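One structure is given here, and the rest of the page talks about it.
Reminder, nothing fancy here: chain letters follow the sequence lines and each chain counts from 1. Treat the numbers as computed from the prediction; the structure is a model and nothing was measured.
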Amino acid sequence: MGCENTGECHIGSEGDIVTCRKVIRNVATAAGFGMTDVTRIVTAVSELARNVYVHAESTGMMRWNILQQPGKVGIELIFEDQGKGIADIDQAMEAGFTTANSMGMGLSGVKRLMDEMLISSELGVGTTVRVVKWGRIK
Amino acid sequence: MDGNSLSVIKLKNILLVTVPDDPGDDTIQELQNKVLNAIEKYESKGLILDISNVNILDSFFARTISETTQMVALMGGQTVIAGMQPAVAITATELGLHLGKAISTLDVDKALDIFTDNFKTV
């Protein structure tokens, strides 16, 4: 699995959520994803970047890699923060669960939008969320 | 972010707001404040949110629209969401979002029709 394209964005303010969305919209479009998949990917970015901003006191990063496999292209997004961590990941993944003032659709919804999702978290240390979306090469 | 990026347009007794393509959280909050103040000022009966330019609708935006609809309703008004793009509708549904009590229409013309029809029957 080779990575041709890679980059990162700091998530330190509310405005950085928009920056992350714009960067990934361009990257995903350039990688050949269609309009609907680009919208799915950018929406997932928005949810995950906001989680970092809201729950991790702006100590996070988003990193992205374009993955290439025979016949398909993928975008890997890794959100890392040094926030307070998630006490119960299974509970956080449930639809309707929220510790913030939101709809509680964030993590469970992101899982439906993306093809792969992995969360690791340690209380007091931080959280890493990795998501991947695959698309066929046209 | 430009704080003056949103304009609320008064059309007879309704308000029209065109939302920019990639609105930040502050723009969305500003939308709510501006709309509620304009409804009071103009005694508007309704609000049309033109989201035909919007290419991302996440849970924060959806919650704010849903809340704004509720607030507009408490002030006696009806909210119509006009012009959602297909990719946005697909993504919003997969994400599990809902827009509360807002009515949706394909475009602003049809949103205006709803208000025209409603006012005839009153």
Side-chain angles (χ1 to χ4, degrees), chain A residues 11-26 28-29 33-55 58 92-115 117 131 133 135, chain B residues 1-6 18-34 36 49 51-71 79 81 83-102 104 106:
Chain A
I11 305 170
S13 71
E14 216 168 64
D16 289 339
I17 301 171
V18 177
T19 306
C20 288
R21 293 201 302 238
K22 284 190 200 300
V23 168
I24 295 305
R25 177 175 296 279
N26 291 336
T29 305
F33 283 97
M35 178 75 173
T36 307
D37 274 342
V38 169
T39 307
R40 288 186 178 111
I41 293 162
V42 172
T43 306
V45 166
S46 193
E47 298 294 335
L48 295 173
R50 183 171 290 104
N51 273 353
V52 170
Y53 172 67
V54 171
H55 294 292
S58 314
M93 287 297 296
E94 279 171 22
F97 177 80
T98 178
T99 53
N101 182 18
S102 70
M103 276 184 175
M105 286 297 161
L107 286 179
S108 62
V110 166
K111 194 176 183 188
R112 283 193 296 274
L113 295 177
M114 304 298 278
D115 294 323
M117 182 167 184
V131 290
K133 186 78 182 170
Chain B
M1 287 272 123
D2 181 8
N4 298 314
S5 53
L6 273 175
T18 301
V19 185
D21 60 348
D22 193 348
D25 292 5
D26 50 353
T27 307
I28 295 167
Q29 284 294 337
E30 180 203 351
L31 182 153
Q32 187 174 77
N33 294 335
K34 276 196 172 174
L36 296 177
L49 275 184
I51 60 163
S52 57
N53 293 327
V54 170
N55 53 30
I56 164 145
L57 200 160
D58 64 5
S59 60
F60 179 80
F61 191 8
R63 178 169 62 89
T64 311
I65 290 181
S66 173
E67 276 178 8
T68 307
T69 302
Q70 177 70 23
M71 292 167 186
T79 301
I81 310 290
M84 188 182 291
Q85 292 177 14
V88 174
I90 293 168
T91 303
T93 305
E94 288 174 354
L95 192 57
L97 301 181
H98 54 84
L99 299 179
K101 289 174 181 164
S104 298
L106 197 56

Problem - Step-by-step side-chain contact (heavy atoms from CB on, under 4.5 Å) determination, A/Leu113 to A/Thr43 - result: CA-CA 8 Å; A/Leu113 295 177; A/Thr43 306; 4.0 Å; yes
Practice task
Could you give me the CA-CA distance, side-chain angles and deciding distance for B/Thr79 and B/Ile65, then say whether side-chain contact (heavy atoms from CB on, under 4.5 Å) is met?
Solution key: CA-CA 9 Å; B/Thr79 301; B/Ile65 290 181; 5.6 Å; no
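The most heavy-atom pairs under 4.5 Å with chain A, out of B/Ile90, B/Ile56, B/Thr64, come from B/Ile56. Interface check for chain B: of the options A/Thr39, A/Val38, A/Thr36, the most heavy-atom pairs under 4.5 Å are formed by A/Thr39.
Here the side chain of A/Asp16 pairs no donor or acceptor atom with the backbone of A/Thr19 at under 3.5 angstrom. Although no hydrogens or angles enter the test, the distance criterion places no donor-acceptor pair under 3.5 Å between the side chain of A/Arg21 and the main chain of A/Ser46.
Using a 4.5 Å cut-off between heavy atoms, A/Arg50 contacts chain B through its side chain alone, with no backbone atom that close.
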